[in-house]
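The block underneath contains the structure these notes are about, expressed in structure tokens.
Both counts, for ligands and for their atoms, begin at 1 and track the order of listing.
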Amino acid sequence: MPQDAASPTSPRPSRRDFLKTSTVAAAGAVAGGLSIARSAHAAGDDVLRVGLIGCGGRGTGAAVNAMNADPNVKITALADAFEDRLERSLNGLKTRAADRVTADADHCFSGFDGYQKLIDSDVDVVLLATPPHFRPIHLKAAIDAGKHVFCEKPVAVDAPGIRSVLATTEEADRKKLNIVSGLCWRYHLGTQEIMQRVLDGAIGEIVAMQETYNTGFLWHRGRMEDDTEMKFQMRNWYYFTWLSGDHNCEQHVHSLDKASWAMHDQPPARVWGLGGRQVRTDPKFGDIYDHHAVVYEYENGVRLYSYCRQQAGCWSDTTDNFFGTKGRCNVLNSYSIEGKNPWRCEDKGPSMYDLEHQALFAAIRAGTPINNGRYMAVSTMLAIIGRMAEYTGQAITWEQAMNSQQDLSPSSYAWDGVPPTLPAADDRYPVATPGVTKFV
Ligand SMILES: NC(=O)c1ccc[n+]([C@@H]2O[C@H](COP(=O)([O-])OP(=O)(O)OC[C@H]3O[C@@H](n4cnc5c(N)ncnc54)[C@H](O)[C@@H]3O)[C@@H](O)[C@H]2O)c1
């Protein structure tokens, strides 16, 4: 049996030894007959030091989920572009669990380069919860530095970002590091159960799918007196395609992810769609659309009809519907299968947000890495190709989209830097026009 840190017969390792060996010795532990449960228990006393990058609503929530998931997790470092956001998150976390949030002034990093300083501090695990634009950069930096990652969705806003995430995913495999995705429905027990039934043929062959994420308006954080244009856009990142990917990417990716799951994460052959900006037209709402309708055509003839809308005062509906040769399945909201194999999920299980962190920390401790990188990249790309098809008004193949050279990055990341989109004289940001905007 290899003398890895998880072995109950080996001398008690230092925390650092444990982390080093736990990432590389998984195969040895299993092959040597040591059960995962036992190895996890043996290593369970070791503290895992967690750093949070992006201290907003979700990031702060993810830090709580991490502490809920494992009693020996400590939040030792925080990074946020904005100092006030960081402070608010730190205070909230300390109020909740003072003894487990040890980040002091030397381990709190603001600004655009804060993420690298956090990664370079003594952390074992990094939680990535900034706006999606930064995900490929932060994910790469974390994996390059040998850190385990919890990675919120979506994971990119353009094809170069997706290509970077796929390359980093492979690097994580090579290094036996964990990447657990914030596409949280994959960790929701009720969803896992109903999706497994669909994948096992409960509704026969899937012929069509319909995904909707139709909601009202979201937050807007306004413009501060001393905001540079970069600061304004960063504060209101949701409304700028270069930062959020548009709302079909930022929000609807959850729904696209479930359809992709049903398709075994195989990409569609061709995508076309239509969308626009009818209601949320004030310049403060940047350059994103407020409604999207996209058709995904798969090689085997399956069609995915995908709709999302953020318009106040309209009918709201967030559902997943799969239609098959032997029946149909609704995931959100009824969790039911109708047809030849009727079934309804009665117990949907505990918080999926806690479960994804339980999976991450258990995998680190057992030395059996999880890498969700590929599916989180494919699901995010479904959103990006949909946006490309709508913005240009063209039908776009998966291959074209994956090879797209459109890079939505600014030339530099600085508060006085120039964002990729700027308002015209009437304060309006240029908005994509189907039939005019070119595919790049
Ligand atoms: N899985 C889910 O159910 C779920 C739910 C909500 C949000 N999210 C995702 O989490 C991410 C964050 O969303 P949120 O609602 O917490 O937004 P938010 O605006 O509340 O938080 C984002 C934080 O990131 C900070 N930030 C921006 N750029 C940064 C950078 N370069 N370096 C460091 N910090 C930076 C912002 O200042 C802000 O504090 C998004 O990708 C969103 O899609 C996922």
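Between the side chains of Q233 and W242, a donor-acceptor pair is found at a separation under 3.5 Å. There is a side-chain donor-acceptor pair under 3.5 Å between D246 and Y391. A donor-acceptor contact under 3.5 angstrom links the side chains of N371 and D173, judged on distance only. A side-chain donor from one of T212 and T319 sits under 3.5 Å from a side-chain acceptor of the other.
Considering only non-hydrogen atoms, atom 18 (P) of ligand 1 lies nearest to R85 out of K153, R58, R85. Closest heavy-atom approach to atom 41 (O) of ligand 1 within the set E250, Q251, R135: this belongs to R135. Closest heavy-atom approach to atom 3 (O) of ligand 1 within the set Y353, Y413, W185, F134: this belongs to Y353. In this comparison of S110, G59, A129, G57, the heavy atom closest to atom 22 (C) of ligand 1 sits on A129.
Contacts of C184 with ligand 1, taken as heavy-atom pairs under 4.0 Å, involve the side chain alone.
Distance from atom 44 (C) of ligand 1 to its nearest protein heavy atom, with residue and atom name: E152 OE1, 3.2 Å. Shortest contact from atom 37 (O) of ligand 1 to any protein heavy atom: D80 OD1, 2.6 Å. Protein heavy atom at the shortest distance from atom 34 (N) of ligand 1 is A81 N, 3.0 Å. Scanning all protein heavy atoms for the shortest distance to atom 13 (O) of ligand 1 gives W237 CZ2, 3.8 Å. G56 CA, 3.2 Å is the protein heavy atom nearest to atom 21 (O) of ligand 1. What sits closest to atom 28 (N) of ligand 1 on the protein, heavy atoms only, is M234 CE, 3.2 Å. Regarding atom 11 (C) of ligand 1, its nearest protein heavy-atom neighbour is T130 O, 3.5 Å.
A 6.0 Å sphere centred on CH2 of W315 holds no more than 12 heavy atoms belonging to other residues, nucleotides or ligands. For NZ of K140, the number of neighbouring non-hydrogen atoms (other residues, nucleotides, ligands) closer than 6.0 Å is 12 at most.
H254 counts as a contact of ligand 1, since one of its heavy atoms falls under 4.0 Å from the ligand. Using a 4.0 Å cutoff on heavy atoms, P154 counts as a contact of ligand 1. Within the 4.0 Å heavy-atom shell around ligand 1 one does not find Y238. Distances shorter than 4.0 angstrom occur between a heavy atom of R221 and an atom of ligand 1.
In terms of polar-atom proximity, defined here as any N/O pair under 3.5 Å, G182 does make such a contact with ligand 1. When only interatomic distances are considered, the shortest N/O to N/O separation between P131 and ligand 1 does not fall below 3.5 Å.
Scored by the salt bridge (charged side-chain N to carboxylate O under 4.0 Å, His left out) test, E297 finds R270, R303 as partners (sequence neighbours excluded).
When Q311, R280, R277 are each tested for a side chain to side chain donor-acceptor pair (under 3.5 Å) with D290, only one passes: Q311.
Residues in residues 345-354 take part in these side-chain hydrogen bond (donor to acceptor under 3.5 Å, both in side chains) pairs, two or more places apart or across chains: N65-D354, N68-D354.
Annotation: side chain of H357 is in contact with side chain of F150 (closest heavy-atom distance under 4.5 Å).
Using a 4.0 Å cut-off between charged side-chain N and carboxylate O, R223 and E229 make a salt bridge.
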